[in-house]
Each structure stands twice: as structure tokens, then as C-alpha cells.
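Below is one structure, written out as C-alpha cells; comments come after it.
Below, read A as the first sequence line, B as the second, and so on, with proteins coming before strands; counting in each chain starts at 1. Quantities reported herein were computed from a predicted structural model and do not represent experimental measurements.
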Number of protein chains: 2
Amino acid sequence: MQADKDAFRAFLRDHNLPATPQRLAIADTVLGTDRHLSAEEVAQELKTRGASAGTATVYRTLEVLVRSGLVVERDFGEGFKRYEAARGVPHHEHLLCTVCGRVTEFRDERLERMTTLLAEAHDFSRQRHRLVIYGLCGECRRGSGRASR
Amino acid sequence: MQADKDAFRAFLRDHNLPATPQRLAIADTVLGTDRHLSAEEVAQELKTRGASAGTATVYRTLEVLVRSGLVVERDFGEGFKRYEAARGVPHHEHLLCTVCGRVTEFRDERLERMTTLLAEAHDFSRQRHRLVIYGLCGECRRGSGRASR
DNA sequence: ATACATGCAAACGTTTTGCATATCC
DNA sequence: GGATATGCAAAACGTTTGCATGTAT
């Protein structure tokens with residue numbers, strides 16, 4: 001993910017966008033975790049590490065990160081969006097624990113093919129798809145619950 | 001769908017909920033179409049047919065309809081929710097045209113099974129899943145576009 | 001009669017925007 | 001120095017809630 005951080009600096013440079021401390025801190029936060037953070041969580045995380053940025057800056061920087069391709073925006077129907085480091089990983093699906101909110105990723109080739117075929121069967125040309133499986137993660141099922149994430 | 005409307009009246013009766021004209025009009029609107037309406041579209045549709053209801057009433061009635069099981073709430077990540085007549089149809093997936101917003105449904109048994117297996121493979125116990133395939137519907141691909149839906 | 005629904009307007013949580021000020025290059 | 005970012009507060013968006021009033025049974 002150091003590579004990603006460098007890539008972000010390069011992106012900023014290439015687009016004549018100032019590399020401000022806020023931008024770099026936000027990028028560090030999002031690119032340095034495999035969690036799927038909400039904008040609010042990003043802001044909190046910043047404070048934890050001593051940095052900090054106004055809400056507007058957080059949103060605006062997340063937008064830049066998404067444009068750079070280094071971060072992907074996700075909507076799991078929770079009423080807010082989450083942001084995930086792209087890590088050059090191709091498309092994948094998500095499992096969302098309905099108790100603790102933990103997000104797990106997985107990739108399945110069959111699914112990729114199926115969605116294309118299913119779309120065609122209904123006279124659609126597939127652009128992308130999104131699968132979220134809601135359920136209980138192992139920890140929560142076993143009652144060894146934790147607060148969140 | 002007349003059956004559904006009757007079922008809603010029965011639901012109201014059984015739960016000692018007054019069958020107000022607003023509730024019946026909203027139920028008629030949602031149960032009488034196979035479209036996936038947003039709350040705002042429901043309100044507009046009401047006006048079109050001479051009826052009308054305040055925003056709060058629309059939302060509150062949609063909630064009752066969902067509780068009755070006659071309507072299902074959907075979130076396709078568009079920033080708002082849509083409401084779909086359940087029609088006794090079991091779970092199904094959705095195709096969403098990214099140009100005109102048209103929603104098409106389909107059912108696939110393999111997918112049902114796959115999601116359960118995929119969840120298990122990741123130590124999750126599946127509760128439900130949501131698959132949305134985004135793409136171009138036939139009409140929009142052929143350029144015979146239409147305004148919305 | 002009485003419990004419940006309605007409509008309005010205010011509150012909500014998330015995200016966006018306007019603008020004066022501060023910062024990067 | 002000049003373009004661009006920041007932070008704040010206000011607005012926007014879909015949705016929810018409080019409350020005075022109206023209505024179904």
C-alpha cells in the first residue's frame with residue numbers, strides 16, 4: 001500500500017492538484033486498511049492519528065481518490081457509503097454481517113460469467129453488477145460478538 | 001392485484017388499523033403496478049389519479065405495506081429506496097438500466113444455492129442476498145430511448 | 001367517543017455547496 | 001503570485017418525527 005500512496009501522490013502531481021497534508025492523511029487512512037470505511041469513520045480515524053480534516057475535505061478527497069481509481073465507493077444499503085482501497089484487485093463480492101457490520105470480500109469467477117449471461121438472457125448488456133450477501137459472521141454466530149466492524 | 005388490495009384491507013382490519021382513503025390510494029398505486037416506485041413517484045402517481053397524500057403519510061403507509069408483506073423495500077444504491085409489489089413471488093434478482101432506470105426482474109435457482117454455499121465457504125450463515133446487475137436495457141442500447149422509469 | 005391517521009413543519013443523517021481564508025507550488 | 005484547497009456554516013437530499021387537528025370505526 002506504500003505503492004498506492006505513491007501512486008496517489010503521482011496522480012495529484014499529474015493532475016496539478018496540490019498534495020496537501022489533509023489529502024495525504026486521508027489517502028493514508030483509506031489506502032492503509034482493508035476495511036470498508038464510511039466517511040465518518042475516515043474522519044474519526046484521522047483524529048486518532050493526530051491528523052484531522054473538515055467533513056467537506058474528507059468527502060472531496062474521497063472523491064479524488066475514487067477518480068484516481070485507487071479507491072472504490074460502495075453502497076451496501078446502510079444509508080451511507082463506504083470506501084475501500086482498490087488494491088488493483090478486480091471485481092469482487094461482499095459479505096456483510098448484519099450484527100457487527102464486518103465486511104468480507106470474495107471473488108467468484110462463475111458469478112462473473114453468470115451475470116453476463118443472465119443479463120443477455122433478458123436483453124440487457126451488462127456493465128457491472130453488485131452482490132451483497134447479508135448474514136452472520138462466524139464470530140457473531142458463535143456469540144463471541146464484538147462491537148462493530 | 002385486486003386480491004392484493006383485498007389482502008391489504010384484511011391486514012388493516014386484522015390489525016385494527018383504519019382503512020383511510022390515503023392508505024387505500026397508496027396501496028392501489030403500489031400494488032397496481034409492476035414498477036419499482038420511489039416514495040416520490042408514489043406521491044406523484046397519487047396526484048395523477050386525483051388522490052393525494054402528504055409525504056409523511058406516503059412513507060408511513062409504505063411502511064405498513066412492507067409490514068403486511070405485500071410490498072418489498074429495495075435499495076439499488078441510487079440514494080433512495082424503491083417499493084415493489086411482492087405479488088407472492090419469492091426472492092428474485094434485478095437488472096437496472098443505467099440509462100432509463102428501468103428495472104427488470106428475474107429469478108435464478110442456481111444463484112440462490114450459490115450464495116448459500118459462498119457464505120458458508122467464508123464462515124457466514126446467509127440470511128439473504130441482493131444482486132443487482134447494472135447495464136443497458138435493449139431499448140436504450142438500440143437508441144430508442146425513453147425518458148425514465 | 002376514542003383511538004388512530006393525517007398534514008405540516010421541523011429534525012434527521014449523510015453528503016454537497018458557497019464563500020472567505022489559507023496553502024501549495 | 002496565482003491557482004487551488006481548506007473549513008465553516010448553510011443547503012440539499014431522502015426520510016423520520018412531533019404535534020395539533022381530523023377521521024374511521
Practice task
Quick one: name the residues clustered hydrophobically with A:Phe80, using the 4.5 Å side-chain heavy-atom rule over I, L, V, M, F, W, Y, and just say none if it's on its own.
Solution key: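 Under the 4.5 Å side-chain rule, A:Phe80 groups with nothing.
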Problem - Under 4.5 Å side-chain linkage, directly or through intermediates, the cluster mates of A:Val72 - result: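 Its cluster mates, by chain and number: none.
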Practice task
Kindly say if A:Gln22 contacts the phosphate of C:dC24, meaning a side-chain N or O under 4.0 Å from OP1 or OP2.
Solution key: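 The answer is no; no side-chain N or O of A:Gln22 sits under 4.0 Å from OP1 or OP2.
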Practice task
Would you indicate which nucleotide in D:dT16, D:dG7, D:dA5 comes nearest to any side-chain atom of A:Ala53?
Solution key: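 It is D:dG7.
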Problem - Test: A:Arg74 and A:Glu105 ion pair at under 4.0 Å - result: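 Looking at A:Glu105 together with A:Arg74, the answer is no, because their closest N to O distance does not fall below 4.0 Å.
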Just the rounded figure in Å: distance from [atom2] of [N] to [atom1] of [X].
X	N	atom1	atom2	answer
A:Leu62	C:dT15	CG	P	9 Å
A:Glu78	C:dG13	CD	C1'	14 Å
A:Leu24	D:dT6	CG	P	10 Å
B:Phe80	C:dT15	CZ	C1'	16 Å
A:Glu41	C:dG13	CD	C1'	15 Å
B:Asp75	C:dT14	CG	C1'	13 Å
A:Arg13	D:dT4	CZ	C1'	17 Å
A:Arg23	C:dT23	CZ	C1'	11 Å

Exercise for the section: Any ring pair (Phe, Tyr, Trp, His ring centres under 6.0 Å) involving residues 20-49 of chain B? Give me the pairs, sequence neighbours left out, ordered by first then second residue. Expected result: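 Pairs touching residues 20-49 of chain B that pass the test: B:His36-B:His94.
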Practice task
Give, ordered by number, those residues of residues 2-10 of chain B having at least one heavy-atom distance below 4.0 Å to an atom of DNA chain D; if nothing qualifies, reply none.
Solution key: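 Residues of residues 2-10 of chain B that come under 4.0 Å of DNA chain D do not exist, since none gets that close.
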Per-pair distances, 0.1 Å, donor-acceptor, side chain in residues 121-135 of chain B, under 3.5 Å, sequence neighbours excluded:
residue, atom, partner, partner atom, Å
B:Asp123, OD1, A:Arg141, NH2, 3.1
B:Asp123, OD1, A:Arg142, NH2, 3.2
B:Asp123, OD2, A:Arg142, NH2, 2.6
B:Ser125, OG, A:Arg141, NE, 3.3
B:Arg126, NH1, B:Thr115, OG1, 3.0
B:Arg126, NH1, B:His129, ND1, 2.6
B:Gln127, OE1, A:Thr98, OG1, 2.8
B:Gln127, NE2, A:Thr98, OG1, 3.4
B:His129, NE2, B:His91, NE2, 3.1
B:His129, NE2, B:Glu93, OE1, 3.3
B:His129, NE2, B:Glu93, OE2, 2.8
B:Arg130, NH1, B:Asp75, O, 2.8
B:Arg130, NH2, A:Tyr134, OH, 3.1
B:Tyr134, OH, A:Arg130, NH2, 3.1
B:Tyr134, OH, B:Phe76, O, 2.9

Exercise for the section: First locate atom CD of B:Glu73, then atom CG of B:Leu62, and finally report the distance between them rounded to the nearest 0.5 Å. Expected result: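 Separation between the atoms: 8.5 Å.
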Exercise for the section: Scan residues 57-66 of chain B for pairs that pass salt bridge (charged side-chain N to carboxylate O under 4.0 Å, His left out), counting only residues two or more places apart or in two chains. Expected result: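 Counting only pairs at least two positions apart or across chains, the salt bridge (charged side-chain N to carboxylate O under 4.0 Å, His left out) contacts touching residues 57-66 of chain B are B:Glu63-B:Arg67.
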Practice task
Only pairs at least two apart or in different chains count here, so list each salt bridge (charged side-chain N to carboxylate O under 4.0 Å, His left out) that has a residue in residues 46-55 of chain B.
Solution key: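 Passing the test, one end in residues 46-55 of chain B: no pairs.
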Handout entry: 5' priority, DNA chain D, between A:Asn16 and B:Ala39 [closest heavy atom]
Key =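 Nearest nucleotide further toward 5': that of A:Asn16.
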Exercise for the section: Output all residues satisfying side chain to side chain donor-acceptor pair (under 3.5 Å) with B:Ser52, sequence neighbours left out; order by chain, then residue number. Expected result: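 Residues passing side chain to side chain donor-acceptor pair (under 3.5 Å) with B:Ser52: none at all.
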Practice task
Quick one: list whatever passes side chain to side chain donor-acceptor pair (under 3.5 Å) with A:Glu112, sequence neighbours left out.
Solution key: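 Once residues adjacent in sequence are excluded, A:Glu112 has no partner under the side chain to side chain donor-acceptor pair (under 3.5 Å) criterion.
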Fill in the blank from the handout: Protein-proximity profile, nucleotides 17-25 of chain D, B/S/- by nucleotide at the 4.0 Å heavy-atom cutoff, equals BB-----SS
Handout entry: Within residues 42-51 of chain A, residues whose heavy atoms come under 4.0 Å of DNA chain C
Key =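 Nothing qualifies; none.
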Cut-off 3.5 Å, no hydrogens considered: what does the side-chain donor-acceptor table look like for residues 9-26 of chain B, sequence neighbours left out?
residue, atom, partner, partner atom, Å
B:Thr20, OG1, B:Arg23, N, 3.2
B:Arg23, NH1, B:Pro18, O, 2.7

